[in-house]
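Structure record follows, encoded as structure tokens.
Just so it is clear: chains get the letters A, B, ... in the order the sequence lines come, proteins before strands, and each one is counted from 1. Keep in mind that the numbers below use all heavy atoms, side chains included, and drop hydrogens, waters and symmetry copies.
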Protein chains: 2
Amino acid sequence: MNILVAEDEIGISNFLKQGLEEENYIVTVASDGEKALRLALSQSFDLLLLDWMLPKLSGIEVCRSFRKSGRTAPVLFLTAKDTVQETIEGLKAGANDYIKKPFSFEELLERIKVQFRSAVTENASYMLGPILLDKEKHQVFIDDREVYLTQKEFSLLEYLIKNKGTVCSRSQIIKEVWNIHFDYESGVIDVFINSIRKKLGLRKEEDYIKTVRGIGYIANEI
Amino acid sequence: MNILVAEDEIGISNFLKQGLEEENYIVTVASDGEKALRLALSQSFDLLLLDWMLPKLSGIEVCRSFRKSGRTAPVLFLTAKDTVQETIEGLKAGANDYIKKPFSFEELLERIKVQFRSAVTENASYMLGPILLDKEKHQVFIDDREVYLTQKEFSLLEYLIKNKGTVCSRSQIIKEVWNIHFDYESGVIDVFINSIRKKLGLRKEEDYIKTVRGIGYIANEI
DNA sequence: GCTCATTCTTAAGATTTACTTAAGACTGGC
DNA sequence: GCCAGTCTTAAGTAAATCTTAAGAATGAGC
């Protein structure tokens with residue numbers, strides 16, 4: 001799990017980085033708001049831990065911009081600004097939790113875990129008809145025969161199966177699988193869908209990945 | 001949105017009930033832990049607001065049992081137990097947030113909203129009789145059976161259902177669905193209405209899309 | 001019940017969108 | 001820096017949708 005910590009006081013950020021890394025999180029530190037936002041938008045973090053008062057761009061502005069870009073990763077404020085009004089402002093800006101300094105590191109950890117909880121319970125393998133996708137081992141089987149998929153092919157299939165039964169639009173796919181958060185027109189998705197279908201070797205009438213014209217694709221138990 | 005409040009002090013529970021109802025939540029109050037758990041398991045609440053100390057069964061036990069049953073609705077503790085250890089215990093038991101008394105009602109409201117945020121945004125669906133139109137997933141169901149509509153069919157049906165109960169003129173439809181903002185005579189709309197009706201497979205007497213001769217069409221609960 | 005205007009239905013051509021292939025760009029490991 | 005594997009772009013082909021138009025059906029008014 002990747003966590004971005006935005007904190008200008010080096011003492012605190014070191015403390016957080018070390019503590020979180022001991023819990024096996026991968027931590028990136030940004031020392032001002034601009035850097036934090038740039039990182040948050042360019043990489044894909046699983047959680048943002050923001051101080052309110054940051055040089056150049058405040059934490060609350062970072063949070064607002066991040067949400068405005070359509071990203072849904074949890075955001076936690078960790079700040080000395082402790083009034084009710086500030087808490088509310090932080091939550092309204094799109095934060096998922098608001099923790100006041102001084103804080104207990106243990107409590108912070110637990111509150112971070114709360115954010116990941118639903119994601120963790122998530123099954124490590126998915127099924128779709130005869131297709132078995134093992135997220136952990138990064139393997140795909142069809143009727144017990146292994147099919148080798150590349151990284152992107154795997155992510156795309158995973159996304160479709162995770163959302164089986166619901167149509168996934170091209171823009172959603174580009175967002176979630178390619179991490180491109182602006183309008184983007186290209187035939188990439190088509191090429192990968194084609195390649196997945198070929199590798200899975202399904203005949204047209206038994207295709208578990210159906211095209212939804214004008215929208216995107218849908219994975220479905222036939 | 002249905003909220004279950006488990007609180008034995010009648011002053012607090014009345015205050016919460018009234019305040020939340022003003023915000024248009026539907027509130028059920030349980031005065032002890034056993035009642036709370038029974039209600040939580042038998043009905044489907046969108047959120048649980050638990051006091052820690054409750055007669056018969058503590059809030060934390062209610063939370064554990066609730067989670068054990070596989071339910072995922074958010075649980076918030078609202079309690080006077082304010083140590084770090086208690087907070088952690090509450091969160092570990094499966095709570096999504098832990099608010100310490102005395103609390104600001106405004107902050108409580110905001111923290112409740114945080115829990116609903118993701119759920120609310122994705123609720124872009126309309127209903128018309130047995131027809132369910134999910135804007136986000138771009139899917140249409142009739143009596144739980146999915147019907148595939150093309151792009152234009154979908155937009156047209158969406159427009160009619162969005163305006164159900166009021167007649168939509170041909171020129172309005174051409175404007176809103178086809179984005180043609182000048183006078184335009186053609187049979188396009190008829191063709192699409194026909195195709196939608198056919199796909200929905202409704203008999204004439206149960207047609208939810210009625211023709212208004214000389215004007216246009218109207219979607220109506222029969 | 002007849003007439004005329006309006007709407008329904010169908011089918012064929014135009015248009016848009018997706019599929020497939022192949023070539024070039026990129027990337028990580030050696 | 002090179003190679004092998006992977007990703008992306010682009011262009012031609014295939015397929016589905018959208019539009020138009022024309023004849024059939026329907027309903028309102030006389």
Side-chain angles (χ1 to χ4, degrees), chain A residues 42-44 138-140 147-160 167-180 182-219, chain B residues 138 140 147-160 167-180 182-219:
Chain A
S42 60
Q43 285 180 243
S44 122
H138 226 275
Q139 280 175 309
V140 176
V147 172
Y148 181 76
L149 295 189
T150 69
Q151 193 92 340
K152 273 272 149 66
E153 289 162 358
F154 189 90
S155 310
L156 176 51
L157 182 60
E158 179 190 342
Y159 182 71
L160 289 174
V167 178
C168 304
S169 72
R170 279 154 186 280
S171 69
Q172 281 175 324
I173 292 172
I174 278 288
K175 252 194 210 143
E176 297 296 322
V177 180
W178 269 263
N179 253 299
I180 293 172
F182 47 87
D183 262 10
Y184 183 66
E185 302 273 311
S186 107
V188 215
I189 297 173
D190 312 35
V191 173
F192 276 84
I193 289 282
N194 177 244
S195 146
I196 292 172
R197 281 177 175 155
K198 230 195 267 179
K199 287 192 180 178
L200 294 179
L202 298 167
R203 273 169 301 121
K204 203 161 194 196
E205 60 276 18
E206 56 169 12
D207 197 348
Y208 290 86
I209 301 172
K210 287 196 197 70
T211 305
V212 182
R213 212 147 204 288
I215 315 294
Y217 298 90
I218 181 172
Chain B
H138 239 280
V140 175
V147 172
Y148 278 92
L149 295 189
T150 68
Q151 191 101 301
K152 274 271 149 65
E153 290 163 358
F154 190 91
S155 310
L156 176 52
L157 182 59
E158 180 190 341
Y159 182 71
L160 290 174
V167 178
C168 304
S169 72
R170 280 155 186 280
S171 69
Q172 280 176 324
I173 292 172
I174 278 289
K175 253 190 213 147
E176 297 296 322
V177 180
W178 270 263
N179 254 299
I180 293 172
F182 48 86
D183 262 12
Y184 183 67
E185 300 277 310
S186 106
V188 215
I189 297 173
D190 312 36
V191 173
F192 276 85
I193 289 284
N194 176 244
S195 146
I196 291 171
R197 282 177 175 153
K198 229 195 268 179
K199 287 192 180 178
L200 293 181
L202 297 167
R203 272 168 302 121
K204 206 159 193 197
E205 60 276 19
E206 56 169 11
D207 196 347
Y208 289 85
I209 301 172
K210 287 196 195 73
T211 305
V212 182
R213 253 180 110 83
I215 315 288
Y217 299 90
I218 181 172

(request) Could you state the atom-to-atom distance from CD1 of B:Ile196 to C1' of C:dT7 in whole Å? (result) 15 Å
(request) Counting heavy atoms from C-beta on, name the nucleotide in D:dT17, D:dT19, C:dT20 closest to the side chain of B:Thr150. (result) D:dT17
(message) From CG of B:Leu149 over to C1' of D:dC18, roughly how many Å is that when rounded to an integer?
(response) 15 Å
(message) Any non-hydrogen side-chain atom of A:Lys198 less than 4.5 Å from a side-chain atom of A:Asn194?
(response) yes
(message) Any non-hydrogen side-chain atom of B:Leu149 less than 4.5 Å from a side-chain atom of B:Lys199?
(response) yes
(request) Would you please confirm or rule out a distance under 4.0 Å between OP1 or OP2 of D:dT20 and any side-chain N or O of B:Ser186? (result) yes
(request) May I have the distance from A:Glu185 (atom CD) to D:dT8 (atom P), rounded to whole angstrom? (result) 16 Å
(request) Just compare C:dT21, D:dG27, C:dA18 and give me whichever is closest to any side-chain atom of A:Thr211. (result) C:dA18
(message) Using ring centroids (six-membered ring only for Trp), state whether B:Tyr159 and B:Trp178 fall under 6.0 Å.
(response) no
(message) Return whichever of A:Tyr184 or B:Gln151 has its heavy-atom-nearest nucleotide of DNA chain D closer to the 5' end.
(response) A:Tyr184
(message) Under 4.0 Å from OP1 or OP2 of D:dA16: is there any side-chain N or O of B:Tyr148 that close?
(response) no
(message) In whole Å, I'd like the distance from the NZ atom of B:Lys210 to the P atom of D:dG27.
(response) 14 Å
(request) Would you indicate which nucleotide in C:dC19, D:dT26, D:dT17 comes nearest to any side-chain atom of A:Arg197? (result) C:dC19
(message) Between A:Leu160 and A:Ile173, is there a side-chain heavy-atom distance shorter than 4.5 Å?
(response) yes
(request) When you get a sec, tell me which of D:dC7, C:dT10, C:dT21 is the closest nucleotide to the side chain of B:Val191? (result) C:dT10
(message) Between B:Arg197 and B:Ile209 (side chain of the first, backbone of the second, donor and acceptor by atom type, cut-off under 3.5 Å), is there such a pair?
(response) yes
(request) Ignoring backbone atoms, test whether A:Trp178 places a side-chain nitrogen or oxygen under 4.0 Å from the OP1 or OP2 oxygen of D:dT8. (result) yes
(message) Considering every strand and a 4.0 Å limit on heavy-atom distances, what is the contact class for A:Phe154: base, sugar-phosphate, or nothing?
(response) nothing
(request) For A:Glu153 and D:dT8, give me the distance from atom CD to atom P, rounded to whole Å. (result) 11 Å
(request) Respond yes when some side-chain nitrogen or oxygen of A:Lys198 is under 4.0 Å from OP1 or OP2 of C:dT21, and no when none is. (result) yes
(message) Just the rounded figure in Å: distance from P of D:dT20 to NZ of B:Lys152.
(response) 10 Å
(message) When you measure only distances, ignoring hydrogens and angles, does the side chain of A:Arg213 come within 3.5 Å of the base of D:dT17 through a donor and an acceptor?
(response) no
(message) I need the OH-C1' distance between A:Tyr217 and D:dA16, as an integer number of Å.
(response) 13 Å
(message) Which nucleotide wins on minimum distance to the side chain of A:Asp190, given the candidates C:dT20, D:dA28, D:dC18?
(response) C:dT20
(message) Please determine whether a side-chain nitrogen or oxygen atom of A:Asn194 lies at a distance below 4.0 Å from atom OP1 or OP2 of C:dT20.
(response) yes
(message) Quick check on C:dT6: is either OP1 or OP2 less than 4.0 Å from any side-chain nitrogen or oxygen of B:Arg170?
(response) no
(request) Could you please name the option among D:dT9, D:dT19, C:dT21 that lies closest to any side-chain atom of A:Val188? (result) D:dT9
(message) Using only atom types and a distance under 3.5 Å, with no angle test, would you say the side chain of A:Thr211 pairs donor to acceptor with the backbone of A:Arg213?
(response) no
(message) Whole angstroms only, please: what is the CG-P distance between B:Asn179 and D:dT19?
(response) 12 Å
